[in-house]
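Okay, structure first, notes after.
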Amino acid sequence: MRIKDIINFLKQPKIFVFAIIWMMMLVVLGTLAQKDMGLYTAQNRYFSAWITWFWFVPMPGGRLTLVIILINLSFFFFKKSIWKIKKLGIVILHLGGILLLVGGGLTAMFSSEGNMVIEEGAQSNHVEDYHFMELAIINTSAVNFDEFTIFDQPLLKRNQVLAHANLNFEIEILNYLENCEPTKRTSPAGIQYKGMLKNFILNELKPEKEDNWNRPGMIYKISNSGTNADGMYGIFLGQSISQTVSVNDKDYTIILRRKRTYLPFSIELLDFKKILHPGTDIPKSYSSDINLIENGVVRKILIQMNEPLRHKGYTFFQSSFIEGPNSETTVLAVVKNYGRLFPYISSIIMCIGLLFHLSQKLPDLFRKSKEKIAV
Amino acid sequence: MKIHNLTLSFIILLCGILLPRDFDHRDIPIHENGRIKPLDTFVRNQLLLIYGKRSIKPKALPEELNSKGLSAIDWFFDIALNPDEGDKYRVFNISNPEVVASLGLYWDPSHLYNRKEILSGLKNQIDYITTIQGKPGAELTQFDTHMLKVYSNVIQYQTLSYSLSCLLPLIQINHKTIAQSLSVNPGDKLSYYQLMRKANQLSPLMERLLNQDKDEWSESDYELQHIMGILNEIDQDKFARILKIIPPESGNQNEEWQSPWELMESRMIGPNQEKLLITLESFLKSRIDKDTVKSDSVLAEYENLLSHSFNGLSNLTNVKLETWTNQANLFYKSIAFYILAFLLLVISWMTKPKLLRRISFACLLSGLAFHFYGILLRIIIMQRPPVSTLYESILFVSLIGVICASLLEYNRKDGMGIFMGAIVGGVLHFVGLGYANDGDTLGMLVAVLNSNFWLATHVTTITIGYGTSLFAGVLGHVYLLQTIRTPFDKKYLKTVNANVYGATLFALFFTLFGTILGGIWADQSWGRFWGWDPKENGALLIVMWQIMMLHLRITGFVKPMGFALGMILNNIVVILAWFGVNLLGVGLHSYGFATGIAINISLFIAFELITGIGTYYWAKNRQKQLTAY
């Protein structure tokens, strides 16, 4: 009988009422917060969080609230009173709601997104993450190949020591900066400083409102190389001259870059086109003429606003562009989302359910009133 | 009888587009802000910019004219044909007393000044204007912005005045020799462009002039020099390149159109462009000569040229339709009918209820017909779905509100629907008219919005959702008011309560699918279904609020009166989602930002809170009193 009690408790619409009121609060707060903290931070704090902290009080975050709603919604089907033709519309509607929430969950858990930046005439086979960085150490000593050693974002934090069999030295991260700016040194540097740090220092800046406007940087120490490569180095995102070190006849290039995900195919940008409404600055359309190259087979495709390319689970959207002096660079947003069909299916189901319900209810609710008003 | 009236008025309206109308000077197509529009629209908006209205009222006209007003197009042709006589119109509207004072002008209670006054006033301020022009917008004081506006308005006025001067017959040829070499009759007047076309016929005379001493100059040489002087003078007008009425020779729709002065300067005039310019030239001449027969035939030729050359670039049917729409003022007519319907309804409460209510309903429906027709014409002209800007969303929401109200009235036949329809239609129309005064309401759209499919599905559905939600909210008001009025009539109140509930379900259908469709559009064009963008959250809040109200009702947390109050408060959510998110200034949907909107939103919220909660407690009290007895 205890299970029954639990079911009876969980199927109460009261739970839904409280949960949705709380969710509305979160949406309002999270929307207002975007003005100050930017979308990414607000989203992490209010919407995708399990727990949202109000000062020191833990409250359910958006994700937990939606899970509660999903559980409550699932137990709705344990109600005996709903299994009637009259309630069919309502049942279908709630089923659609469940699918929508499940799809949202799948997307939140498993989807990934990033950018692919290609200059006209160039090719790319990787996606750059919006938020995460990676430290790439490239051994360029071999004649016909490069050896890459990558350290992922979770490893990039203060006091972390990075070592790998590929490397005959160790890297100790002395400081990791979310956002920084290189500025010229005013006084001569000590002998422990190498590379860029001989002439520059990295100034820590307040993180920007939007996470991807930040320029992360890092101060690190190379040690145990047994050569004069040992010392303190600096690095930041988008550094124009990469740091190189030589240790025992091996040359390494060290780069801090956006985390890359490699694709099983590559894309070549043939031409980027931007068309304005004539006589105005209002863009009429953006489009990229590309070659999709897979196993040596080339296919020509046009990607434009509202018409993305879908291939192997990835979707490529025309997102932005960079205008250069000689050529243009296209920025494609790349998304892999396993839940993307759910909203389509669930909206159709909910539509059917609500229409069914409306067709039963509305005639009753707007029945012609024969009674005259008593004045 | 009323049905007949309605049908008749609709037929008259339809004739407006069905009967082919001759092409006239208002229809001359012009390219501005990425769109081909009739000259009529263009000059109306120019006048709106300078004067604040779309046609000139008698106050701004010279007294001796003694006329009842002047249309924008007539004003334009007058100043363009007589550029030097543009001082007679007092169309510069300056309402800032500081600006008036610093321009050295007397304070005019109607705030109207003419070009001469402004120009002489500005002479002393040029240094100041140059300094403030370089400043960023945020640093400007209110005085500065007004000053800059006056300055740019007077430049605009000059640009308009001189935009056709290269085509006007301003150069008189008197001497026989010159007339002969130009193959015209002595005494004829030529335009700058005509003379330029015949420039090589004059070159032998010119050569002689240059190779001769001034003492040996003949009469014809002096006249030639004089002509050159005039040409040089007219050449100063080449800054006036605003009137982009000549299509590109190639007929390429992504190429910009050009103004007569731009063509004069580029000297790259294609054969079709040349024909068009010559026709325009003879049109202007016939207007100066007041030769209406000639001007009609020339315009017919102009239309012919436009539609048969340039790859059929300009769709003249739509251009003509737009001119017709401009002068039809359909939305003023619909608002008038809504107000009339309301007044008749109020009178019907006092006398002759049945008859007056019927007439009032007919008025509401006539208003609806004009309203609908106005929106339909915009769809045809722009060839895109009804809602793509904030202004259009207001028009459309009020249309939906009035349609819902009319259906309700058709069902109930007790005046309730008329009451609601007149209020929703009237109030939203007023708000919309405020937006229309910002300029051309038919603008082009940025790339991501440039998709008729999604505009038609997502935007239309969510806007219908706003309309039906507001309708449900107004019904909530009605329920509470009726509870106060007739707390004893349980049966009647029950029907109204059922209406509120039904309207909520109906609204939920559109808000829910509008929101989901929006997510699907976002998935199609940005790759994510949901991004927690403010506008998306706003729509989500409406949906959640409505779902919450429905479940509060099921769980018994709220009774009919509470439900009505909840739907009144839903209006606040709708307005915040609709206008409020633009105030945040973040997110992908911050189009149509308008300053000063914050005050109106706050007023609306205060109104709904006070009336909603106030009537709720009043109604509760009334019921308590009733049960006490």
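Lettering of chains follows the sequences in order, A, B, ..., and the numbering in each one begins at 1.
Heavy-atom pairs under 4.5 Å with chain B peak, among A:Leu354, A:Thr107, A:Val335, at A:Leu354. With chain A as the partner, the residue from B:Asn537, B:Ile554, B:Val573 showing the most heavy-atom pairs under 4.5 Å is B:Asn537.
Nearest heavy atoms, B:Ile520 versus A:Ser347: CD1-OG, 4.0 Å. Scanning all heavy atoms of the two residues, the minimum distance from B:Gly531 to A:Leu39 falls at O-CD1, 3.6 Å. Between A:Leu362 and B:Gly502, the closest heavy-atom pair is CD2-O, 3.7 Å.
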key: Intermediate values then yes/no, side chain to side chain contact (heavy atoms under 4.5 Å, CB included), B:Gln524 and A:Phe317   = CA-CA 8 Å; B:Gln524 293 280 334; A:Phe317 301 89; 5.7 Å; no

task = Could you check A:Val27 against B:Trp532 for side chain to side chain contact (heavy atoms under 4.5 Å, CB included), going step by step and ending with a plain yes or no?
result = CA-CA 8 Å; A:Val27 170; B:Trp532 302 104; 4.2 Å; yes

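For residues 14-24 of chain A, a heavy-atom distance under 4.5 Å to chain B picks out A:Lys14, A:Phe16, A:Val17, A:Phe18, A:Ile20, A:Ile21, A:Met23, A:Met24, given by residue number. Residues of residues 64-77 of chain A never come within less than 4.5 angstrom of chain B, heavy atom to heavy atom.
A:Cys351 places a side-chain heavy atom less than 4.5 Å from the side chain of B:Phe509. At a threshold of 4.5 Å between non-hydrogen side-chain atoms, the residues A:Tyr344 and B:Asp523 count as touching.
A 6.0 Å sphere centred on NZ of A:Lys79 holds more than 12 heavy atoms belonging to other residues, nucleotides or ligands. A 6.0 Å sphere centred on NZ of A:Lys11 holds more than 12 heavy atoms belonging to other residues, nucleotides or ligands.
Contacts between B:His31 and chain A at a heavy-atom distance below 4.5 Å involve the side chain alone, from C-beta outward. Looking at B:Phe506, the atoms closer than 4.5 Å to chain A (heavy atoms on both sides) sit in the backbone and in the side chain alike. Within the 4.5 angstrom heavy-atom criterion, only side-chain atoms of B:Leu512, from C-beta onward, approach chain A. In this structure, the portion of B:Ile516 lying under 4.5 Å from any heavy atom of chain A is its side chain and not its backbone. For a residue to count as touching a neighbouring chain, one of its non-hydrogen atoms must lie under 4.5 Å from one of that chain's; by this rule B:Leu408 touches chain A with the side chain only. For B:Trp530, no part sits under 4.5 Å from any heavy atom of chain A, backbone or side chain.
Between A:Leu93 atom CG and B:Ile547 atom CD1 the span is 8.0 Å, to the nearest 0.5 Å.
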